[in-house]
Amino acid sequence: MRFDDNEVSRRWLLATGASVSAVAVAGCIGGNGNGEDASGEILDPEEYDYDREEPDDEDAARESTLVYTQELERDEDFDTVVSNDAYSVQVANLIFDSLYEFDYEYELQPKVAVDFPEVERDDTRYLYEIHEGIEFHNGDELTASDVAHSFTAPVEEETPNISTYDMIDEIEVIDDYQLQVDLEHPYGPWEMFNQGVSIVPEDVRTDDPEAFNEDPIGSGPFEFVDFEYGEYVELERFDDYWDEPQPYVQHIRFEDNVDDASRVSEILAGDTDAIGDVPNDDWETLEDEEDIRVHIAESPSVAYIYFNCNEGAGTADPNVRRAIAHAFSATDYVETYLNNAAMPLVTPTSRITNELWDFPLDEWEELYPDYDPDLAQELLDEHAPDDWNPTFLAPDDERATLAERVATRLDEIGYDMQVQTMDFGAMLDQTIYSDGDPDDYEAYIVGWTGGPDPDQYLYPNFHESQESVNQGHFYEGSDDFHDNILEARESADHDEREALYTDVIEEILEELPALPVFTEHNSMATGEHIKDVHVHPQMQYNPNLVHDGANVWVDDE
């Protein structure tokens, strides 16, 4: 099965950049590295865990209508077989049920599946039983054939989601409610991630895939009713929904507004009921409004500074990479610019992943380079090339301020780093999708949204097969580095995988082909009249209108 690399990569990259021409800037921004100019305490998402709310009048709650403004434009692909952007998937997740779904602790729970599968044949055979009587919105029954099609269609049709399922060797539909999935080899992330496949109706979808993409039919709690390309999507509650709880919201309209200030103005003026992504600088303003509530949840995203390790780059020397890491304080940067929206991170896997895997964080914190400008200067004086003048590429958003912060710190110890900010796509073309010419860049910054399994970070971001596909650091690694990543991917033994990943992560922290810097949160602001809102760590699940942990309604009293 073919691996459609370039398309797959775009799925996981965080956010996009505004269109801005490239400008070379030696930074002169921000604090002095010791936190003295930091704007405030770093927000703890756990302080925003609201209690569940229940309506006094359920009949009134079931008349709720809601306008939700997304922070970025949708690609308008609502067929989950081809959907490749988080904002289309936010809509689709209300239309489709999945075989399993993530709870708020980021663990998969059975949904269409009756229970967890029986696992046979050395972790390469999964036997699923699904609920009887589930109906799609057109009245057709959801069967095992639909589940099989949902697994295989991304591969057979070579959609952007092909790599999620291309380890499937064969699927046997045993009867209407049972199927057997055989993998080519054990695949570690299968049980933690791949079983969350959304179920599409095979017959309707294959009859006219293009029409289905813009007028999808699922078995989820909401059905598609109206859509204007680039304008809005409207969904209605599916009153014959098979599962509990039944949603209170009767109607939801999705719009988008990519301009932070304008989006905040909309919620302040009451022109929308809810907005995604509260800008860091507007957090306190919105929180102080009596009729607005802010919500937040930690996400599995990681922002990295990648270093060009290709021959000819000054950053090919790990001592130079370490010097750059010692030259600035990630904590000070987050406190100054992202204290309401992010937390510092010392590992290449997310905090959520680290907790689920019980990784040795105390040991890894010792490996992470502290702010130490004297050591940075000592390392550069000894190891940096003569007349070293590195280029740091960044998209034109808050990540550019980090690049400028690093350049400022290097300037303070006598080294000139040029920061170039540019359109996000142009930056990817010059870094990730390039041959890594040291004349183009020696460092760049990109975010990555992974998930509960370490493979979702380590394979795409560090395995050699992903060079010019998902990353452009061109790190050769030790003799075992790439083999360990691949071996962990093709194993279903948790202990074995944990040991392999521990070796891989420790090498990353010692050799620094990429420096993890911070994890960014999912956030939302809603009118006070919007009740029982809880932000999900998986951003594609938001707004999470109905779930065991939430059932949103509008209180018009």
- Evaluate the criterion side chain to side chain contact (heavy atoms under 4.5 Å, CB included) for residue pair I305 and L402; output intermediate values, then yes/no. CA-CA 9 Å; I305 295 175; L402 174 57; 4.2 Å; yes
- Task: Kindly indicate, with the supporting measurements, whether the criterion side chain to side chain contact (heavy atoms under 4.5 Å, CB included) is fulfilled by T69 and D256.
- Result: CA-CA 5 Å; T69 303; D256 62 69; 5.6 Å; no
- Item | Step-by-step salt bridge (Lys or Arg N to Asp or Glu O under 4.0 Å) determination, D332 to R405 | CA-CA 10 Å; D332 182 77; R405 168 66 67 97; 2.3 Å; yes
- Item | salt bridge (Lys or Arg N to Asp or Glu O under 4.0 Å) between R74 and D85, worked out | CA-CA 7 Å; R74 300 172 300 274; D85 74 293; over 6 Å; no
- Query: Does the pair L367 and E510 meet the rule for a side chain to side chain contact (heavy atoms under 4.5 Å, CB included), with working shown?
  - Reply: CA-CA 7 Å; L367 295 176; E510 289 168 350; 4.1 Å; yes
- Apply salt bridge (Lys or Arg N to Asp or Glu O under 4.0 Å) to E298 and R351, showing your working. CA-CA 9 Å; E298 188 170 334; R351 286 161 42 99; 2.5 Å; yes
- Before giving the answer on side chain to side chain contact (heavy atoms under 4.5 Å, CB included), spell out for Y475 and E511 the whole-Å C-alpha distance, their side-chain angles and the decisive distance to 0.1 Å. CA-CA 9 Å; Y475 174 64; E511 296 297 318; 3.2 Å; yes
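Looking at heavy atoms from C-beta onward, P279 lies in side-chain contact with V264 at the 4.5 angstrom threshold. N194 places a side-chain heavy atom less than 4.5 Å from the side chain of P189. Using a 4.5 Å cut-off on side-chain heavy atoms (C-beta onward), L500 and V504 make no contact. Side-chain contact between F102 and L108 is present, with at least one heavy-atom pair separated by less than 4.5 Å. When side chains are defined from C-beta on, Y68 counts as touching I252, because their heavy atoms get closer than 4.5 Å. No side-chain heavy atom of D123 sits under 4.5 Å from any side-chain heavy atom of D493. Between T331 and Y371 the shortest side-chain heavy-atom distance does not fall below 4.5 Å. The closest side-chain heavy-atom distance from Q195 to F151 is not below 4.5 Å.
Rounding to the nearest 0.5 Å gives a distance of 10.0 Å between CG of N542 and OG of S299. Taken from CD in E498 to CG in D358, the straight-line distance is 6.5 Å, to the nearest 0.5 Å. We find the CG-CD distance between D455 and E490 to be 9.5 Å, quoted to the nearest 0.5 Å. Interatomic distance, OG of S265 versus CG of D271, reported as 9.0 Å (0.5 Å rounding). Separation of atoms CG (L338) and CZ (R399) is listed at 10.5 Å; rounding is to 0.5 Å. To the nearest 0.5 Å, atom OG of residue S88 and atom CD of residue Q540 are 11.0 Å apart.
Remark: the D97 side chain and the Y241 side chain contain an N/O donor-acceptor pair separated by less than 3.5 Å. No side-chain donor-acceptor contact under 3.5 Å links S83 and T80. Side chain to side chain, H482 and N484 fail the donor-acceptor criterion of an N or O pair below 3.5 Å. Between the side chains of Q471 and N461, no donor-acceptor pair is found at a separation under 3.5 Å. For the 3.5 Å distance criterion, the side chains of Y104 and N544 qualify, holding a donor opposite an acceptor. Defined by atom type and a distance below 3.5 Å, a donor-acceptor pair is present between the side-chain atoms of Y48 and E287. Remark: the E266 side chain and the T272 side chain contain no N/O donor-acceptor pair separated by less than 3.5 Å. Side chains of N308 and T315: a donor-acceptor N/O pair is absent below 3.5 angstrom, by distance only.
A salt bridge between R253 and E255 is present, with a side-chain N of the basic residue lying under 4.0 Å from a carboxylate O of the acidic one. Between K111 and E244, no side-chain nitrogen of the basic residue sits less than 4.0 Å from a carboxylate oxygen of the acidic one, so the salt-bridge criterion is not met. Comment: D453 engages R497 in a salt bridge, judged by a side-chain N to carboxylate O separation of less than 4.0 angstrom.
Relative orientation of the Y501 and W357 rings is perpendicular, given thresholds of 30° and 60° on the angle between their planes.
The shortest heavy-atom contact between A492 and P186 is N-CB, 3.9 Å. In terms of heavy atoms, P516 sits closest to Y368 at O-OH, 2.7 Å. The two residues T353 and G451 make their nearest non-hydrogen contact at OG1-O, 2.7 Å. The minimum heavy-atom distance between I42 and P344, with the atom names listed, is CD1-CD, 3.7 Å. Considering every non-hydrogen atom in both A113 and P110, the closest pair reads O-CB, 3.3 Å.
No side-chain donor-acceptor contact under 3.5 Å links H536 to the backbone of P543. Listed for the S491 side chain is no donor-acceptor partner under 3.5 Å among the backbone atoms of A488. The closest donor-acceptor contact from the side chain of D396 to the backbone of M422 lies at 3.5 Å or more, if one exists at all. The backbone N or O of D243 sits less than 3.5 Å from a side-chain atom of Q246, completing a donor-acceptor pair. Side-chain N or O atoms of E73 include none that pairs as donor or acceptor with a backbone N or O of V258 at under 3.5 Å. With E520 contributing its side chain and A303 its backbone, the two residues share no donor-acceptor pair below 3.5 Å. When atom types are taken as modelled, the side chain of Y333 and the backbone of V406 share no donor-acceptor pair closer than 3.5 angstrom. Judged by distance alone, with hydrogens and angles left aside, the side-chain atoms of T519 form a donor-acceptor pair with the main-chain N or O of S301 at under 3.5 Å. Of the possible donor and acceptor atoms, none in the side chain of D282 sits under 3.5 Å from a partner among the backbone N and O of T285. The main-chain N or O of C309 is never found under 3.5 Å from a side-chain atom of R321 such that the two would form a donor-acceptor pair.
Residue P348 forms a side chain to side chain contact (heavy atoms under 4.5 Å, CB included) with just one option from N354, I508, L515, and that option is I508. In summary, of the residues considered (F307, F462, Y444, Y304), a ring pair (Phe, Tyr, Trp, His ring centres under 6.0 Å) with H473 occurs for F462 alone.
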Would you give me the side-chain donor-acceptor pairs under 3.5 Å for residues 523-531, sequence neighbours excluded?
from : atom 1 : to   : atom 2 : distance (Å)
S523 : OG     : V278 : N      : 2.8
T526 : OG1    : H295 : NE2    : 2.8
H529 : NE2    : D273 : OD1    : 2.9
K531 : NZ     : E528 : O      : 3.1

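No more than 12 heavy atoms of other residues, nucleotides or ligands sit less than 6.0 Å from atom CD of E355. The 12-atom threshold is not exceeded at CD of E366, counting heavy atoms of other residues, nucleotides or ligands nearer than 6.0 Å.
Annotation: F116 is not in aromatic contact with W190 [ring centroid separation under 6.0 Å not met].
Taking the ring axis of Y459 as reference, the NZ or CZ atom of R489 stays within 45° of it and closer than 6.0 Å to the ring centre.
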